[in-house]
Amino acid sequence: MASFFQDARLPQQRVVEGVAFPAVLVPSAQASVASGGVEEFLAAVRSERASRLEPLVRDAGALLLRGFPARTAVDFDRAVDAFGYEELPYVGGAAPRTNVVGRVFTANESPPDQKIPFHHEMAQVPTFPSKLFFFCEVEPKSGGETPILLSHFVYKRMKENFPEFVEKLEKHGLIYTRVLGEGDDPSSPIGRGWQSTFLTKDKAVAEERAAKLGMKLEWTDDGVKTVMGPIPAVKWDESRGRKIWFNSMVAAYTGWKDARNDPVKAVAFGDGSPLPADVIAECASILEEECVAIPWQHGDILLIDNWAVLHSRRSFEPPRRILASLCK
């Protein structure tokens with residue numbers, strides 16, 4: 001039987017080590033003449049997931065589905081479900097976001113003029129998603145791309161340029177420190193309050209859930225200081241047999257800033273010593289140099305392997321509405 005999906009190339013794609021990044025699929029001729037709409041798309045996802053879609057994600061690290069009939073948050077929720085991955089509750093993450101439907105949330109709701117630096121999703125806690133889905137419900141008026149890049153490639157570049165820094169990072173890991181208010185602060189890119197961070201209004205329950213993450217809590221009059229780590233900043237991707245730059249170092253050092261938080265104090269080596277600002281700046285430059293940023297179109301579904309790929313967000317001119325779903 002002919003495939004519902006067809007490979008495509010976009011100007012922004014890169015070829016990294018012989019593989020197009022990200023992989024892009026559009027409707028095939030068979031899909032284009034089909035009249036089943038979203039139901040036929042969902043059936044195709046289920047039938048070709050193991051044979052076509054997942055191998056592309058494994059090889060490329062990210063897969064963009066463009067031009068398919070998923071147009072709403074409900075369609076997106078059903079598409080994520082069709083892939084068959086188990087949902088991961090958003091416990092311990094920093095981004096302010098709101099549940100929309102089912103297992104679908106808004107992506108980071110921080111103000112549009114703010115960039116969100118590169119990171120692996122929830123790299124600052126030990127329980128993190130293996131897969132991320134993003135969906136474009138409303139495409140940006142301008143800007144607002146979600147740049148992505150391959151983590152193992154960043155590790156190679158950093159190892160070549162800063163071997164002593166990487167050696168210390170691999171030895172000691174990182175400590176992340178963040179101060180949370182009680183409620184969410186939508187003006188901050190890390191404005192998730194402690195009640196929504198731990199999905200409870202009970203401090204004792206928050207303590208229990210933080211302890212399961214290995215996180216220490218220090219309560220204040222109007223919030224709590226969280227200390228996470230030491231936690232590895234470089235991981236081993238078992239399925240691909242390579243080291244990955246799995247951390248939120250640049251994101252924390254440059255972006256964890258609001259009324260409560262000083263980004264320079266937000267992250268340190270696992271032995272407590274400060275990170276060198278010049279190396280952080282060079283790492284940020286490498287991330288920008290190597291990334292791919294494809295402009296969003298309404299209905300786009302982007303599947304990211306969180307073990308392989310870092311992502312970020314560029315500033316934008318509203319409107320823009322990107323939805324997300326996290327999977328184990």
Side-chain angles (χ1 to χ4, degrees), residues 5-26 48-49 51-67 83 115-121 123 128-134 136 143-163 165-166 169-170 232-251 279-297 300-314 322 324 327:
F5 303 95
Q6 177 178 305
D7 291 308
R9 291 289 176 265
L10 297 175
Q12 298 86 1
Q13 277 174 294
R14 290 193 178 193
V15 175
V16 181
E17 297 171 346
V19 178
F21 176 75
V24 179
L25 291 177
V26 297
E48 297 192 53
R49 181 187 66 215
S51 62
R52 185 81 190 276
L53 306 182
E54 289 182 337
L56 279 176
V57 176
R58 191 196 175 284
D59 291 346
L63 169 63
L64 176 65
L65 299 173
R66 171 164 284 181
F83 273 87
K115 292 182 179 180
I116 298 172
F118 280 101
H119 59 286
H120 282 276
E121 191 67 29
F128 51 85
S130 65
K131 301 286 192 303
L132 319 173
F133 285 87
F134 291 108
C136 181
E145 299 93 341
T146 299
I148 56 176
L149 78 158
L150 289 159
S151 188
H152 77 288
F153 204 66
V154 179
Y155 174 80
K156 285 182 180 178
R157 288 282 307 270
M158 289 298 292
K159 184 77 171 177
E160 289 168 2
N161 294 353
F162 307 101
F165 173 83
V166 173
L169 199 61
E170 291 191 69
V234 174
K235 291 184 182 290
W236 178 256
D237 182 349
E238 189 71 41
S239 69
R240 297 176 178 86
R242 62 197 188 193
K243 287 185 175 182
I244 52 174
W245 190 255
F246 197 93
N247 59 71
S248 296
M249 181 183 74
V250 170
V279 176
I280 302 293
E282 286 296 323
C283 184
S285 295
I286 289 171
L287 295 170
E288 285 296 332
E289 286 170 16
E290 302 296 345
C291 75
V292 171
I294 297 174
W296 284 110
Q297 292 184 10
D300 281 353
I301 296 176
L302 177 62
L303 170 52
I304 292 175
D305 187 325
N306 197 37
W307 276 96
V309 172
L310 298 117
H311 68 280
S312 65
R313 186 199 78 182
R314 289 185 176 164
I322 305 299
C327 306

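For the numbers below, each heavy atom of this structure counts, side chains included, while hydrogens, waters and symmetry mates do not.
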Side chains of [X] and [Y]: does their closest heavy-atom pair fall under 4.5 Å?
| X | Y | value |
| --- | --- | --- |
| F118 | V154 | no |
| E121 | F128 | no |
| K131 | N306 | no |
| W245 | C283 | yes |
| E54 | L63 | no |
| F5 | V26 | no |
| R157 | E289 | yes |
| L149 | V309 | no |

Mind checking the [atom1]-[atom2] spacing from [X] to [Y]? Nearest 0.5 Å is all I need.
| X | Y | atom1 | atom2 | value |
| --- | --- | --- | --- | --- |
| L25 | L64 | CG | CG | 8.5 Å |
| L150 | R14 | CG | CZ | 10.5 Å |
| L53 | F83 | CG | CZ | 5.0 Å |
| C327 | D305 | SG | CG | 11.0 Å |
| H152 | R242 | NE2 | CZ | 4.0 Å |
| L132 | H311 | CG | NE2 | 5.5 Å |

Apply side-chain contact (heavy atoms from CB on, under 4.5 Å) to L65 and L303, showing your working. CA-CA 8 Å; L65 299 173; L303 170 52; over 6 Å; no
Step-by-step salt bridge (charged side-chain N to carboxylate O under 4.0 Å, His left out) determination, D59 to R240: CA-CA 9 Å; D59 291 346; R240 297 176 178 86; over 6 Å; no
For [X] and [Y], which heavy atoms make the closest approach, and how far apart are they?
| X | Y | answer |
| --- | --- | --- |
| A233 | L169 | CB-CG, 3.6 Å |
| R314 | C291 | NH2-SG, 3.8 Å |
| W296 | C136 | CE3-CB, 3.6 Å |
| Q12 | A293 | CG-O, 3.4 Å |
| P295 | R66 | O-NH2, 2.8 Å |
| A60 | A23 | CB-N, 3.8 Å |

Using modelled atom types and a 3.5 Å cut-off, is there a donor and acceptor pairing between side-chain atoms of Q13 and backbone atoms of P22?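 Indeed, once roles are kept as given, a pair shorter than 3.5 Å links the two residues.
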May I ask you to decide if Q297's main-chain N or O and D300's side chain share a donor-acceptor pair within less than 3.5 Å?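 It does hold such a pair.
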Decide whether [X] and [Y] meet the rule of one side-chain donor and one side-chain acceptor closer than 3.5 Å.
| X | Y | result |
| --- | --- | --- |
| Y155 | E170 | yes |
| S312 | H119 | no |
| S239 | W307 | no |

Worked verdict on K115 versus R313 for side-chain contact (heavy atoms from CB on, under 4.5 Å): CA-CA 6 Å; K115 292 182 179 180; R313 186 199 78 182; over 6 Å; no
Going through the distances and angles, do M158 and I286 end up as a side-chain contact (heavy atoms from CB on, under 4.5 Å)? CA-CA 8 Å; M158 289 298 292; I286 289 171; 3.7 Å; yes
For atom CD of E238, decide whether the heavy atoms of other residues, nucleotides or ligands shown that lie under 6.0 angstrom number more than 12.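 No, not enclosed.
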Tell me whether the count of non-hydrogen atoms from other residues, nucleotides or ligands lying under 6.0 Å of NZ in K159 goes above 12.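 Correct, the count exceeds 12.
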Dump the intermediate steps for side-chain contact (heavy atoms from CB on, under 4.5 Å) on I301 and F133, then the final yes or no. CA-CA 7 Å; I301 296 176; F133 285 87; 4.1 Å; yes
